Each structure stands twice: as C-alpha cells, then as structure tokens.
Number of protein chains: 2
Amino acid sequence: MGIFSKTCEYAIRAVFFIAHRTAKGGRVGIKEIASGINSPEHFLAKILQDLSRKNIIRSIKGPNGGFYMDDATLKRRLSEVVEAVDGNSLFTGCGLGLVYCSEINPCPLHNEFKGIRARIYEMLQNTTIEAFNEDLNLGITSLKK
Amino acid sequence: MGIFSKTCEYAIRAVFFIAHRTAKGGRVGIKEIASGINSPEHFLAKILQDLSRKNIIRSIKGPNGGFYMDDATLKRRLSEVVEAVDGNSLFTGCGLGLVYCSEINPCPLHNEFKGIRARIYEMLQNTTIEAFNEDLNLGITSLKK
DNA sequence: TAATTAAAAGATGTTTTTGTCTTTTAATTT
DNA sequence: AAATTAAAAGACAAAAACATCTTTTAATTA
Ligand code: FES
Ligand code: FES
C-alpha cells in the first residue's frame with residue numbers, strides 16, 4: 001500500500017501524461033494514455049471521465065477528439081488532483097485512524113503526523129501539473145514501469 | 001485512505017495499548033484491548049495473533065492469560081510493527097505506483113517522495129513502543145475515538 | 001444526413017480488505 | 001483429571017477497491 005490509492009496513482013500519471021502530450025495543442029486518446037502510463041484502459045477511462053467532470057482535465061468526443069489540457073487546467077495544483085480522487089483524508093485525517101484528528105484529543109503520533117502531512121501537502125500544493133513537462137520531454141523522468 | 005492500512009492502524013494502537021497497560025506486569029485480554037482502542041474484537045484478534053507470531057508482542061493462553069509486552073518487545077521500533085503488517089512498500093515503493101522506484105528510471109515526484117518517505121521512516125525508526133507510555137499514562141494522548 | 005470516431009455511461013466481474021462467528025488448542029484452577 | 005479460561009485457528013461474509021466489457025451519446029467527416 002502506498003500513500004495514494006491505485007486510482008489516484010493512475011490519475012496523477014495520466015494527468016502528467018496528458019499535460020506533457022498536449023501542452024502544445026492536440027488531443028490524446030484513452031488507448032495511448034493507458035499504454036503510455038501502463039494502466040488498464042477501461043479503468044483509466046472511468047478515472048478520466050471523473051477528472052473531466054471535475055475540470056481537472058478537458059475532453060471532447062468524436063473524431064480527432066480525446067483528452068487534453070488548456071491553460072487553466074495546466075495550472076492546476078497536484079493537490080487538486082489528489083483531492084478530487086482520494087479526498088482530503090490524507091491531509092486532515094488521523095494517521096492512526098482516530099475518528100477525528102485534533103489537538104484536544106491527539107493520538108500518540110499526532111505531532112509527528114502533522115509534520116509529515118504538512119510536508120506532503122506542501123509538495124502537492126506547490127507544484128502545478130505543467131511543472132513536470134520539461135523533465136518528461138527530456139526523458140529524465142518516466143510514467144511507466 | 002490514510003498512510004497505513006486499517007489493519008496497521010489497529011495494530012499500532014493495540015501495541016501502544018498493550019504496552020501502556022502491561023509495562024509493569026500483568027496481561028490484558030482481547031476484549032479490553034478492543035474496547036480500549038475502539039476496534040472490532042475478532043478482527044483485532046487476528047492481527048494480534050499475527051503480531052504475536054512475529055514476536056512484536058507476547059501472548060499466553062488460559063486463565064490469567066492474555067497479551068503483554070516484556071523488555072524485549074517494549075524496545076521494538078514502531079517501524080517493525082508497520083513492516084510486520086503492511087510490509088515495506090511504504091518505505092521503498094514508488095509513490096506513483098511505478099513497478100520499481102529507482103534513480104535510473106524515476107517518476108516525476110521521485111525526489112520529493114524520497115524525502116517524505118525518509119521522514120516517515122525516521123519517525124517510525126526512532127521511536128520505541130514504550131516511548132509513548134508516559135503520555136498515555138498522563139492522559140495527554142488517546143487511542144480511541 | 002449517414003457513417004465514423006472517441007469519450008461517457010452503464011452493467012458486471014474479480015480481488016483485496018475489513019469484519020464476524022464458530023471450533024480448537026493450550027494453559028490454569030479446582 | 002475435569003472444568004474453566006482465554007488465545008489460536010478456521011470458515012465464512014460484507015464492503016471496498018480494482019478491473020473489464022457493452023451500450024449510448026456527442027462530436028466530426030464524407
Ligand atoms: S490525532 Fe492522530 S494524527 Fe492527529
Ligand atoms: S520512482 Fe517514483 S518515488 Fe521513486
């Protein structure tokens with residue numbers, strides 16, 4: 001088990017892929033995305049439908065259709081993607097599973113978790129989706145395998 | 001979804017509870033533990049059986065039996081509990097779900113994840129189970145609700 | 001406007017996680 | 001030794017996560 005759900009992992013990789021692939025215009029189809037990030041095609045389709053509804057990415061049907069990102073969506077924060085898919089429990093929930101995370105009734109690891117959560121949130125909050133395009137273009141980073 | 005599985009959350013809370021409850025001798029039964037950490041009794045029983053087999057906690061059957069911790073188990077690191085339950089994927093796996101996390105073929109968030117993972121591991125590695133007893137005794141921290 | 005394309009939506013299936021209930025085993029006490 | 005106690009083990013069930021397949025809808029193109 002990782003920090004994110006499998007769904008969220010696919011979502012992030014797909015969004016990176018779409019951004020990288022369409023930042024200069026054009027569309028990309030579900031087949032190419034799925035194979036580009038090594039994910040099950042139909043499962044990913046569901047995830048992207050959801051992201052599209054939530055305006056994290058754009059999509060258009062028909063010939064020459066597909067998924068893409070425009071200026072607005074390229075500037076979205078990674079935190080928005082995570083929140084859209086996994087909700088905000090990663091940022092606000094108790095690490096030990098107490099119903100509420102609070103200063104009044106903290107679990108033994110509350111302070112430590114607070115720091116870690118803040119760091120995760122910071123990372124996701126401080127980076128836009130487009131920020132990773134360059135490294136992907138240069139082939140420095142990878143989205144599959 | 002949190003950082004740990006539900007199973008692991010229960011495991012950590014239970015281990016804290018047992019440590020706190022038996023550091024000065026005695027045993028504690030599954031019913032008391034389950035109600036003390038607000039977890040399903042029989043599900044927790046399975047988890048504790050497993051932890052007992054892996055020498056994270058001790059147990060003994062029969063009248064006056066129950067779960068307890070001795071000097072050796074009290075000194076175990078939290079990381080050992082997590083690893084026993086959730087494995088080490090949290091510490092070594094790719095945050096975006098790539099099959100291998102590596103410097104050679106890194107995902108776009110590799111460096112960020114490396115830092116976060118290290119911090120999580122450090123927290124779990126640097127603290128023994130018994131380290132939390134005092135705060136629990138004082139009622140400063142909580143294991144339920 | 002008919003054919004085609006590609007995403008959206010719907011239905012269904014599998015696996016994993018989480019949770020419950022019953023029976024068995026190993027200790028203790030009488 | 002028999003009764004009692006409490007964990008261990010096994011069987012089963014529900015829910016959530018993950019995945020696949022089919023049908024429908026909205027565009028484009030011929
Ligand atoms: S109460 Fe557990 S992380 Fe805040
Ligand atoms: S490759 Fe993704 S975290 Fe290292």
Side-chain angles (χ1 to χ4, degrees), chain A residues 1-15 17-18 21-22 26-69 73 85-87 89-90 96-97, chain B residues 1-15 17-18 21-22 26-35 37-69 73 85-87 89-90 97:
Chain A
M1 197 204 216
I3 289 186
F4 305 126
S5 68
K6 215 105 215 15
T7 300
C8 193
E9 288 174 355
Y10 292 146
I12 296 173
R13 304 220 304 270
V15 164
F17 186 90
I18 298 168
R21 182 73 178 56
T22 70
R27 318 271 160 74
V28 56
I30 183 70
K31 276 178 209 296
E32 186 181 339
I33 303 169
S35 93
I37 70 166
N38 216 41
S39 79
E41 182 185 324
H42 292 97
F43 187 44
L44 183 62
K46 292 286 176 203
I47 298 168
L48 295 189
Q49 279 165 32
D50 187 45
L51 291 179
S52 180
R53 250 179 271 120
K54 289 172 175 164
N55 293 309
I56 305 284
I57 60 177
R58 305 285 177 208
S59 72
I60 192 155
K61 291 178 177 179
N64 209 20
F67 298 91
Y68 65 102
M69 319 236 358
T73 51
V85 177
D86 277 352
S89 65
L90 183 60
L96 291 189
Chain B
M1 198 203 214
I3 289 186
F4 306 125
S5 66
K6 217 102 214 20
T7 300
C8 193
E9 288 174 356
Y10 291 146
I12 296 173
R13 302 220 305 269
V15 163
F17 185 91
I18 298 168
R21 183 70 179 58
T22 68
R27 320 270 160 73
V28 57
I30 184 70
K31 276 177 208 296
E32 186 180 340
I33 304 168
S35 93
I37 70 166
N38 216 38
S39 80
E41 180 185 325
H42 292 97
F43 187 44
L44 183 62
K46 293 285 177 205
I47 298 168
L48 296 188
Q49 279 165 33
D50 188 45
L51 291 179
S52 180
R53 248 180 271 119
K54 289 171 173 163
N55 293 308
I56 305 283
I57 60 177
R58 306 285 176 205
S59 72
I60 192 154
K61 291 179 178 180
N64 209 19
F67 298 90
Y68 65 103
M69 318 234 0
T73 51
V85 177
D86 277 353
S89 65
L90 183 61

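All values reported here derive from a predicted model rather than from experimental measurement. Residue numbers start from 1 in every chain, and the chains themselves are labelled A, B, ... in the order their sequence lines are given, proteins ahead of strands.
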Engineer: Return the CZ to CD1 distance between B/F17 and B/I33, rounded to the nearest 0.5 Å.
Structural biologist: 7.0 Å
Engineer: What contact category does A/I30 fall into here, base, sugar-phosphate, or nothing, at under 4.0 angstrom with non-hydrogen atoms?
Structural biologist: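 Sugar-phosphate: the residue A/I30, judged by heavy atoms under 4.0 Å, touches backbone atoms but no base.
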Engineer: Roughly, in whole Å, what's the span from NZ in B/K6 to C1' in C/dT16?
Structural biologist: 16 Å
Engineer: Take the protein atom CD of B/Q49 and the nucleotide atom C1' of D/dA11, then report the distance between them rounded to whole Å.
Structural biologist: 13 Å
Engineer: Judged by each residue's nearest nucleotide on DNA chain C, which is more toward the 5′ side, A/S52 or B/L44?
Structural biologist: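 Nearest-nucleotide comparison on DNA chain C picks A/S52.
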Engineer: Among D/dA7, C/dT20, C/dT18, which nucleotide sits nearest the side chain of B/F67?
Structural biologist: D/dA7
Engineer: How many Å lie between CD on A/E41 and P on D/dC21, as a whole number?
Structural biologist: 10 Å
Engineer: For B/K61 and C/dT29, what is the distance between atoms NZ and C1' respectively, to the nearest whole Å?
Structural biologist: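 It works out to 17 Å between those atoms.
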Engineer: Are the side chain of B/D86 and the backbone of B/S5 linked by a donor-acceptor contact shorter than 3.5 Å?
Structural biologist: yes
Engineer: Consider the side chain of A/H42, meaning its heavy atoms from C-beta on, and name the nucleotide among D/dC21, C/dA27, C/dT22 that approaches it most closely.
Structural biologist: D/dC21
Engineer: Distance from A/I18 atom CD1 to A/Y68 atom OH, nearest 0.5 Å?
Structural biologist: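 Going from CD1 on A/I18 over to OH on A/Y68, the span is 11.5 Å.
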Engineer: Quickly work out the A/R58 CZ to D/dA27 C1' distance and round it to whole Å.
Structural biologist: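 Atom-to-atom, A/R58 to D/dA27, this comes out as 17 Å.
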Engineer: CG of B/L48 versus C1' of C/dG19: gap in Å, rounded?
Structural biologist: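 Roughly 15 Å, once rounded to whole Å.
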Engineer: If I take atom CG in residue B/N64 and atom C1' in nucleotide C/dT30, what distance separates them, rounded to the nearest angstrom?
Structural biologist: 15 Å
Engineer: I'd like to know if the side chain of B/T22 reaches the main chain of B/M69, judged simply by a donor and an acceptor atom lying under 3.5 Å from each other, with no hydrogens or angles considered.
Structural biologist: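 At least one qualifying donor-acceptor pair exists.
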Engineer: Please confirm whether any donor atom in the side chain of A/K46 sits under 3.5 Å from an acceptor in the base of C/dA9, or the reverse.
Structural biologist: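 Such a pair is found, so the answer is yes.
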Engineer: Does a side-chain N or O of B/T7 approach OP1 or OP2 of C/dT18 to a distance below 4.0 Å, or not?
Structural biologist: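 Checking B/T7 against C/dT18: at least one side-chain N or O falls below 4.0 Å of OP1 or OP2.
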Engineer: Measure the distance from NZ on B/K31 to C1' on D/dA6 and round it to the nearest whole Å.
Structural biologist: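 Atom-to-atom, B/K31 to D/dA6, this comes out as 10 Å.
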Engineer: Tell me whether the OP1 or OP2 atom of C/dA6 has a side-chain N or O from A/S59 closer than 4.0 Å.
Structural biologist: no
Engineer: Using a cut-off of 4.0 Å on non-hydrogen atoms, how would the nucleic acid contact of A/Y10 be classed: base, sugar-phosphate, or nothing?
Structural biologist: sugar-phosphate
Engineer: Backbone N or O of B/N64 within a donor-acceptor pair of the B/R27 side chain at under 3.5 Å?
Structural biologist: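 Checked: pair present.
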Engineer: When you match A/F43 and A/G62 each to their closest nucleotide on DNA chain D, which lands nearer the 5' end?
Structural biologist: A/F43
Engineer: Which part of the nucleic acid does B/R53 contact within heavy-atom distance under 4.0 Å: base, sugar-phosphate only, or nothing?
Structural biologist: sugar-phosphate
